[in-house]
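Dropping the structure in here first, questions after.
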There are 4 protein chains.
Amino acid sequence: MASVNKVILVGNLGKDPEVRHLEGGVAVARFPIATSETFKDKNGEKQERTEWHNIVVWRGLAEVAEKYLKKGQSVYIEGKIRTNNYQDKEGIQRYSTEIVADNMTMLGGRTDAGANNSNPETAGSSSGGRAEAPAFEGEPDDLPF
Amino acid sequence: MASVNKVILVGNLGKDPEVRHLEGGVAVARFPIATSETFKDKNGEKQERTEWHNIVVWRGLAEVAEKYLKKGQSVYIEGKIRTNNYQDKEGIQRYSTEIVADNMTMLGGRTDAGANNSNPETAGSSSGGRAEAPAFEGEPDDLPF
Amino acid sequence: MASVNKVILVGNLGKDPEVRHLEGGVAVARFPIATSETFKDKNGEKQERTEWHNIVVWRGLAEVAEKYLKKGQSVYIEGKIRTNNYQDKEGIQRYSTEIVADNMTMLGGRTDAGANNSNPETAGSSSGGRAEAPAFEGEPDDLPF
Amino acid sequence: MASVNKVILVGNLGKDPEVRHLEGGVAVARFPIATSETFKDKNGEKQERTEWHNIVVWRGLAEVAEKYLKKGQSVYIEGKIRTNNYQDKEGIQRYSTEIVADNMTMLGGRTDAGANNSNPETAGSSSGGRAEAPAFEGEPDDLPF
DNA sequence: TTTT
DNA sequence: TTTT
């Protein structure tokens, strides 16, 4: 069946990423990012609405997140929507929506944000200019085109 | 502030749209669409996972949805993620995520789906080829370029 | 450096794909797709403008294109813009823009289009529901999430 | 006909925008932005390829571009691909591809880039936080949702 | 919980 | 012609 589930976000991390290393060495990182929009309400007053997105990244991207992303940073995120359901402690069905990212690019963000890395400015470029794990690329780049 | 919240979906309606006409004549339509992906599990068995997205459209697009969309149809949706929170009857904070669409294009879908319109094939094109309200276009098209 | 180059298209093939198999077994396919928009001109007359996009796909996607895509078909394309420059026979610098696709999904299109495959309806789903080579996925799907 | 023509770019301006004000007061701005990708060549050497995109913005966005964008700046661009054809002076048919943007967000870019505005940091927020003309929004924000 |  |  023909379907597409694609999300593109540019926003700021609300917290440092939380990283777990699973058995087998697979890493997973989670962090919230905020997007905001301003609008005028009925009285013409400017209002702001902030949306929070729970981002999940796996493997190489999780390691990139662990090393280079920090609260306040601005990131470009590309991924898909996933809604998990679970039973809460009262046994009631609950839903939780997250964005599983498969592409991620650091955009800088708050200039004093600082990163876990001592030199945040070069952090991205040391991994190839783009803050993403080459293994996650949709297309290998070493072929003749 | 620099932020982007963009969703692109291609999926099939799980139900006919539910349309409400608010006081003031504003229409709002809601419908679920499914996206699916297949993957291989640890045993190499092919598995399918279906994701359900709650779509909300306003005004002109709601009227387009009411007229032309029906269960089974395939649609292209462009919009943003919005998470609403509310208190459930036990007074516990709950979250509900929906996609507020600002662009929508019918793609046909199940050929026997039928539409509320008697001639689904021409439904889209009768409204200008693209199933969307011109008023929602990001760019007027009647200017010299 | 932080950059993103992403294109999303839904359109119809203007011709059957042309496929070449390079030394080493790598396949590359090319085909044009059309997108259209309608607008009102200064006189309020409805006009249509068609845009042609030159699509290039490599490896697994090229084989999918060869097998399943045909003139008239509707496809979803995700990729990046690439402008090649070359000297024409008079030695003048020329530019040619194409879309290098890394994701592709058949959407059906002209119902009488027919495909190279005897059963176009199941062509997509037989390759996992989504007309793309698993090797091109941004994310392996056989891991625990 | 169901079609989509959408481009998403994050890149840096190669030059200051060139702005023209047409008869009737309509503004149009043009500027090039660069996107880069790195890849390993056959010898495992890291290579970089830069892609140049010609951006065109109209009306309110053109005025935003004029005021706030400058060479070196990083921007998020959303728009569509347009290929114009024309006859060159030898009467040969030539093609020129550009991106007609309908959404644009300043992302900062080179910190010493400076803007035409004396306080580039507040430039974006003075226009509502997001560097775009509200008139170009796909959805009015002053309604009850 | 971010950013402007 | 940008940026890292």
Side-chain angles (χ1 to χ4, degrees), chain A residues 9-18 30-38 46-55 68-77 105-114 119-132, chain B residues 1-5 83 85, chain C residues 1-5 83 85, chain D residues 9-18 30-38 46-55 68-77 105-114 119-132:
Chain A
L9 302 171
V10 173
N12 298 279
L13 278 81
K15 296 183 187 172
D16 291 355
E18 291 180 3
R30 294 174 181 274
F31 54 89
I33 74 169
T35 57
S36 303
E37 57 180 334
T38 53
K46 191 177 287 180
Q47 300 289 347
E48 183 174 11
R49 180 181 162 115
T50 296
E51 199 66 40
W52 285 98
H53 311 269
N54 296 311
I55 310 300
Y68 302 120
L69 294 186
K70 204 160 178 61
K71 180 177 171 175
Q73 279 266 7
S74 175
V75 282
Y76 169 90
I77 291 283
T105 297
M106 296 171 19
L107 298 174
R110 229 179 52 210
T111 49
D112 62 326
N119 187 346
E121 292 307 327
T122 58
S125 43
S126 74
S127 78
R130 196 161 172 196
E132 71 193 348
Chain B
M1 201 266 309
S3 72
V4 172
N5 175 358
T83 298
N85 56 62
Chain C
M1 200 267 307
S3 73
V4 172
N5 174 357
T83 298
N85 56 61
Chain D
L9 302 171
V10 174
N12 297 278
L13 277 82
K15 294 183 187 173
D16 291 354
E18 290 180 3
R30 294 175 181 276
F31 54 89
I33 73 169
T35 57
S36 303
E37 58 180 333
T38 52
K46 190 177 289 182
Q47 301 288 346
E48 182 173 12
R49 180 182 162 113
T50 295
E51 199 66 38
W52 286 98
H53 311 270
N54 296 312
I55 311 297
Y68 303 121
L69 294 186
K70 205 162 177 58
K71 180 177 170 175
Q73 278 268 6
S74 175
V75 281
Y76 170 91
I77 292 283
T105 298
M106 298 171 17
L107 298 174
R110 229 181 52 212
T111 50
D112 64 326
N119 188 347
E121 293 305 328
T122 59
S125 41
S126 75
S127 78
R130 195 161 172 196
E132 71 193 346

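The figures that follow rest on heavy atoms only: side chains count, while hydrogens, waters and symmetry mates do not. The sequence lines fix the lettering, A, B, ..., with proteins before strands; numbering per chain opens at 1. All values reported here derive from a predicted model rather than from experimental measurement.
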- Message: What verdict does the side chain to side chain contact (heavy atoms under 4.5 Å, CB included) test give for A:N54 and A:R30, after you've listed the backbone C-alpha separation in whole Å, the side-chain angles of each residue and the deciding distance to 0.1 Å?
- Response: CA-CA 7 Å; A:N54 296 311; A:R30 294 174 181 274; over 6 Å; no
- Can you tell which of F:dT2, E:dT1, F:dT1 lies closest to the side chain of D:K15? F:dT1
- Given atom NE2 of D:H53 and atom P of F:dT1, what is their separation to the nearest angstrom? 18 Å
- Query: Do C:S3 and F:dT4 have a side chain to base donor-acceptor pair shorter than 3.5 Å?
  - Reply: no
- Of all the nucleotides listed (F:dT1, E:dT2, F:dT4), which has the minimum atom distance to the side chain of D:E48? F:dT4
- Item | Atom pair distance, as rounded to whole Å: CG in A:L13 and P in E:dT4 | 14 Å
- Query: Roughly, in whole Å, what's the span from CZ in A:R49 to C1' in E:dT4?
  - Reply: 18 Å
- Task: Apply the test side chain to side chain contact (heavy atoms under 4.5 Å, CB included) to residues B:S3 and D:T105: give CA-CA distance (whole Å), side-chain angles for both, the deciding distance (0.1 Å), then the verdict.
- Result: CA-CA 7 Å; B:S3 72; D:T105 298; over 6 Å; no
- Note on the structure: note: D:I33, atom CD1; F:dT1, atom P; distance rounded to Å ~ 18 Å
- Message: How many whole angstroms separate atom CG of D:L107 from atom C1' of E:dT2?
- Response: 15 Å
- Message: Distance check needed: F:dT4 P versus D:N12 CG, whole Å only.
- Response: 7 Å
- Task: Evaluate side chain to side chain contact (heavy atoms under 4.5 Å, CB included) for A:V75 paired with A:I55, printing each intermediate quantity in order.
- Result: CA-CA 11 Å; A:V75 282; A:I55 310 300; over 6 Å; no
- Name all residues meeting the side-chain hydrogen bond (donor to acceptor under 3.5 Å, both in side chains) criterion together with D:Q47; count only those two or more places apart in sequence or in a different chain, and write none if there are none. D:D41
- Nearest-nucleotide pick for D:A34, side chain only, options being E:dT2, E:dT1, F:dT2: F:dT2
- Note on the structure: Only one of D:Q73, D:K70, D:K71 passes side chain to side chain donor-acceptor pair (under 3.5 Å) with D:D16, and that residue is D:K70
- Message: Rounded to whole Å, please give me the gap between CG in D:N54 and C1' in F:dT1.
- Response: 10 Å
- Item | Verify stack between A:W52 ring and E:dT2 base, 5.5 Å, 30 degrees | no
- Per D:S36 side chain, nearest of listed nucleotides F:dT2, F:dT1, E:dT2: F:dT2
- Task: Report the distance from atom CD of D:Q73 to atom P of F:dT4, rounded to the nearest whole Å.
- Result: 12 Å
